[in-house]
Amino acid sequence: EVQLVESGGGLVQAGGSLRLSCTTSGFTFDDYTIGWFRQAPGKEREGVSSISSSDGSTYYTGSFEGRFTMSSDNAKNTVYLQMNSLKPEDTAVYYCAAGLGSGSYYRLYRPYEFNYWGQGTQVTVSS
């Protein structure tokens, strides 16, 4: 059974940091790209970052690069999203997802290419 389990969300003040984790099981981790997406109330889901498990290449959309850093621990089949300098507009449910094959910047705009999804973790940034 494929599972992706996010953790690490919570309430933080603006300017603070959080580290999200996504622990996966049930598929060959190295064959997949793992992505982070988020969805705020009333807004469409948007891609944040992704990592190719095979070679560790990372990709970010828009304004996230420089504030957010994605990494992986292949031995633990786990990826992380370090989020710094958080803003109230970062408030959203954050999801991790797994898509077969290598990653790219463009895949973050194609969430339908990601086969498996976690249940999400809430991140709330207060002003």
Side-chain angles (χ1 to χ4, degrees):
E1 179 187 6
V2 172
Q3 287 191 317
L4 293 90
V5 181
E6 302 97 336
S7 61
L11 174 64
V12 64
Q13 288 188 333
S17 299
L18 283 174
R19 189 176 84 151
L20 305 183
S21 300
C22 173
T23 300
T24 73
S25 61
F27 59 92
T28 304
F29 188 78
D30 288 357
D31 290 344
Y32 280 73
T33 288
I34 310 298
W36 284 100
F37 295 81
R38 71 182 191 182
Q39 188 164 21
K43 295 188 177 181
E44 293 187 356
R45 181 174 47 189
E46 64 174 332
V48 175
S49 67
S50 66
I51 190 165
S52 292
S53 301
S54 59
D55 64 6
S57 297
T58 54
Y59 307 89
Y60 301 87
T61 61
S63 65
F64 300 112
E65 191 164 18
R67 291 195 303 130
F68 293 5
T69 303
M70 189 170 181
S71 61
S72 68
D73 184 337
N74 288 33
K76 296 181 179 180
N77 292 348
T78 298
V79 300
Y80 306 95
L81 183 67
Q82 178 67 43
M83 305 187 296
N84 298 328
S85 302
L86 283 163
K87 307 173 183 179
E89 51 264 42
D90 292 318
T91 295
V93 178
Y94 285 71
Y95 300 91
C96 65
L100 186 63
S102 59
S104 73
Y105 171 79
Y106 301 102
R107 291 193 78 178
L108 288 169
Y109 293 95
R110 301 194 291 256
Y112 51 83
E113 292 189 2
F114 289 77
N115 311 84
Y116 307 113
W117 291 78
Q119 81 289 350
T121 187
Q122 176 71 47
V123 171
T124 303
V125 184
S126 63
S127 57

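- By the 4.5 Å heavy-atom criterion applied to side chains, L20 and T121 are counted as neighbours.
- A continuous path of hydrophobic side-chain contacts links L4 to F29 [ILVMFWY only; heavy atoms under 4.5 Å].
- For the residue pair S17 and S85, the shortest heavy atom distance occurs at OG-N, 4.4 Å.
- Of all the heavy atoms in F114 and R107, the pair that sits closest is CE1-O, 3.4 Å.
- Contact annotation: the side chain of L108 never approaches that of V48 to less than 4.5 Å [non-hydrogen atoms, C-beta and beyond].
- Here the shortest heavy-atom pairing between Q119 and Y95 reads O-CE2, 3.5 Å.
- A 4.5 Å side-chain heavy-atom check between D31 and S53 finds every atom pair outside the cut-off.
- The minimum heavy-atom distance linking V79 with S72 is given by the pair CG1-CB, 3.8 Å.
- Smallest separation of non-hydrogen atoms from G47 and F64: O-CE1, 3.8 Å.
- At least one side-chain heavy atom of Q122 sits under 4.5 Å from a side-chain heavy atom of T91.
- Counted by atom type alone, T78 and D73 present zero donor-acceptor pairs between their side chains at under 3.5 Å.
- Here the closest heavy-atom approach between residue R67 and residue L86 is recorded as NH1-CA, 4.0 Å.
- Relative orientation of the F37 and W117 rings is tilted, given thresholds of 30° and 60° on the angle between their planes.
- A side-chain donor-acceptor contact under 3.5 Å links Y94 and R38.
- Ring to ring, Y60 and F68 are not that close: their centroids are 6.0 angstrom or more apart.
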